[in-house]
Amino acid sequence: MSKKLLLKNAHIEGIRYYETYRKHGGYESAEKAFKMKPEEILEEVKISGLRGRGGAGFPTGLKWSFLAKPEGVPRHLVVNADESEPGTFKDRYLMEFLPHLLIEGMLISSFVLGSNVSYIYIRGEYSWIPDILEEAIEEAKAAGFLGKNILGSGFDCEIYVQRGGGAYICGEETALLESLEGKRGNPRLKPPFPAVKGLWERPTVVNNVESIAAVVPIIEISGAEYAKIGVGKSTGTKLISACGNINKPGVYEIDMTITVEEFIYSDEYCGGIPNGKKLKACIPGGSSVPIVPANLLLKTINGEPRYMNYESLADGGFATGTMMGSGGFIVLDEDQCVVNHTMTLARFYNHESCGQCTPCREGTGWMYKILKKIEKGEGKMEDIDLLWDIQRKIEGNTICPLGDAAAWPVAAAIRHFRDEFEWHVNNPELSQTQNYGIANY
Ligand code: NAI
Ligand code: SF4
């Protein structure tokens with residue numbers, strides 16, 4: 001059984017409220033942290049090996065150490081709660097059921113970074129959660145964990161919740177900052193990174209909800225103990241939101257030592273695939289990461305079991321591996337049609353492109369149109385090559401990673417499931433009434 005750090009108290013009734021949270025050890029990490037110097041806390045986070053849980057896996061301690069500290073310029077912590085990656089809903093769970101864990105993590109992190117005003121930017125569709133967060137903020141303030149001179153330290157901290165308008169692109173950190181400043185959420189060119197020029201051109205750290213929540217157990221058990229959980233550079237625990245063709249969809253906390261097979265089939269996690277169907281493929285890190293067929297999902301190219309961690313999932317590069325990403329684990333059984341699935345994703349990315357860069361603005365639309373044609377049985381063999389060509393021209397040629405995120409699913413689908421694309425071209429009539437999966441199994 002995986003060790004629980006973030007969700008260990010999630011089952012306790014009323015844990016959403018300050019009193020219950022406090023009774024079960026809440027804010028003890030903050031009390032411990034406020035007896036330390038900010039540099040000592042930063043060192044603990046570095047030692048823990050914590051990697052950003054939003055998708056990129058960038059070392060959190062290193063990111064914090066990049067924060068510029070010009071004299072007299074305010075600095076900010078911004079929590080990215082714009083969780084919009086299809087298949088990803090783990091931050092929603094944390095904010096809905098454990099809001100004080102996030103507030104406590106933010107308090108400690110704000111103390112380290114010297115942020116007197118910190119923000120939570122939350123996706124518009126999570127319409128009921130800002131009230132939960134604001135209530136928790138008020139409770140923390142009333143208990144002296146936010147506001148002026150926290151725990152007699154002389155450190156002041158306020159947290160504000162800002163609702164987004166429901167645009168996927170505002171999860172990209174610089175688009176998020178633009179939106180937080182009241183402008184259209186267009187990504188900025190990097191560098192400069194937010195750590196140097198962020199919110200209102202001030203040094204800013206943007207971290208995912210889960211990354212900030214993880215600071216609480218790190219201070220509780222120490223960075224060194226946290227680093228002992230997991231394996232290699234995949235330290236600590238990771239929340240996985242599992243969905244698709246599985247018996248038990250939900251949010252699971254894993255310690256990154258379990259195999260993908262165990263995660264899908266064990267009763268402790270996904271509980272297998274409904275109706276005894278066979279596993280076809282999986283997208284383990286949210287819709288932007290490459291789809292992997294079952295044979296490469298359960299084992300690497302060398303025949304080793306594939307594990308639920310950053311390194312093992314990526315083993316073999318994009319040709320045979322994938323990415324941990326945001327931990328949005330989407331399972332497809334044998335009845336699913338990869339062409340249909342890829343088309344749905346292409347429509348999403350086309351709709352969500354901000355339109356600043358030509359390869360993304362035009363390319364996502366072309367990919368969607370071609371995929372729609374193929375899926376409807378109106379495509380030609382050359383269209384598959386054209387699709388491949390377009391995704392190659394998008395990848396790496398755009399301002400932000402949305403371009404790559406739109407290109408990778410198409411590339412992986414063609415690489416691993418070209419036969420399904422060809423089936424649609426060769427069976428125009430069948431394509432209109434049946435999907436590939438149902439017609440072929
Ligand atoms: P990135 O790799 O460009 O950056 C990671 C972080 O490190 C950023 O905060 C960046 O500012 C910081 N950083 C990197 N180099 C730095 C330097 N030299 N100096 C200062 N700071 C530096 O990745 P990005 O664009 O932040 O995230 C992309 C990921 O987001 C993808 O892997 C995707 O899986 C994930 N994603 C997650 C979503 C969700 O709903 N959770 C939605 C869409 C994408
Ligand atoms: Fe906008 Fe797409 Fe360019 Fe990102 S890659 S800045 S979403 S057009």
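Both counts, for ligands and for their atoms, begin at 1 and track the order of listing.
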Output, or 'none' if empty, a list of ligand 1-protein atom pairs in which both atoms are N or O and the distance is under 3.5 Å, rounded to 0.1 Å.
residue	atom	partner	partner atom	Å
ligand 1	9 (O)	K63	NZ	2.7
ligand 1	9 (O)	E173	OE1	2.6
ligand 1	9 (O)	E173	OE2	3.2
ligand 1	11 (O)	E173	OE1	3.4
ligand 1	11 (O)	E173	OE2	2.5
ligand 1	32 (O)	G55	O	3.3
ligand 1	40 (O)	S84	N	3.1
ligand 1	40 (O)	E85	N	3.0
ligand 1	41 (N)	G54	O	3.1

Can you check side-chain hydrogen bond (donor to acceptor under 3.5 Å, both in side chains) on E158 and N116, steps first, answer last?
CA-CA 6 Å; E158 297 289 347; N116 300 116; over 6 Å; no
Mind checking whether F329 and F263 have ring centres under 6.0 Å apart?
yes
Assess whether a salt bridge exists between E210 and K238, defined as any Lys/Arg side-chain N lying under 4.0 Å from an Asp/Glu carboxylate O.
yes
Distance-only polar pair, side chains of N207 and N80, donor-acceptor under 3.5 Å:
no
Q356: which residues meet the side chain to side chain contact (heavy atoms under 4.5 Å, CB included) condition with it, sequence neighbours left out?
N186, P187, C354, I399
Do R347 and E375 sit within salt-bridge range, that is, some charged N less than 4.0 Å from a carboxylate O?
no
The protein N, O or S atoms lying under 2.8 Å from atom 1 (Fe) of ligand 2 are C354 SG
Please confirm whether the ring centroid of Y21 lies under 6.0 Å from the ring centroid of Y17.
no
Please enumerate all residues that pass ring-ring contact (aromatic ring centres under 6.0 Å, His included) together with Y119, with sequence neighbours excluded.
H76
Are Y368 and Y349 near enough that their ring centres are under 6.0 Å apart?
no
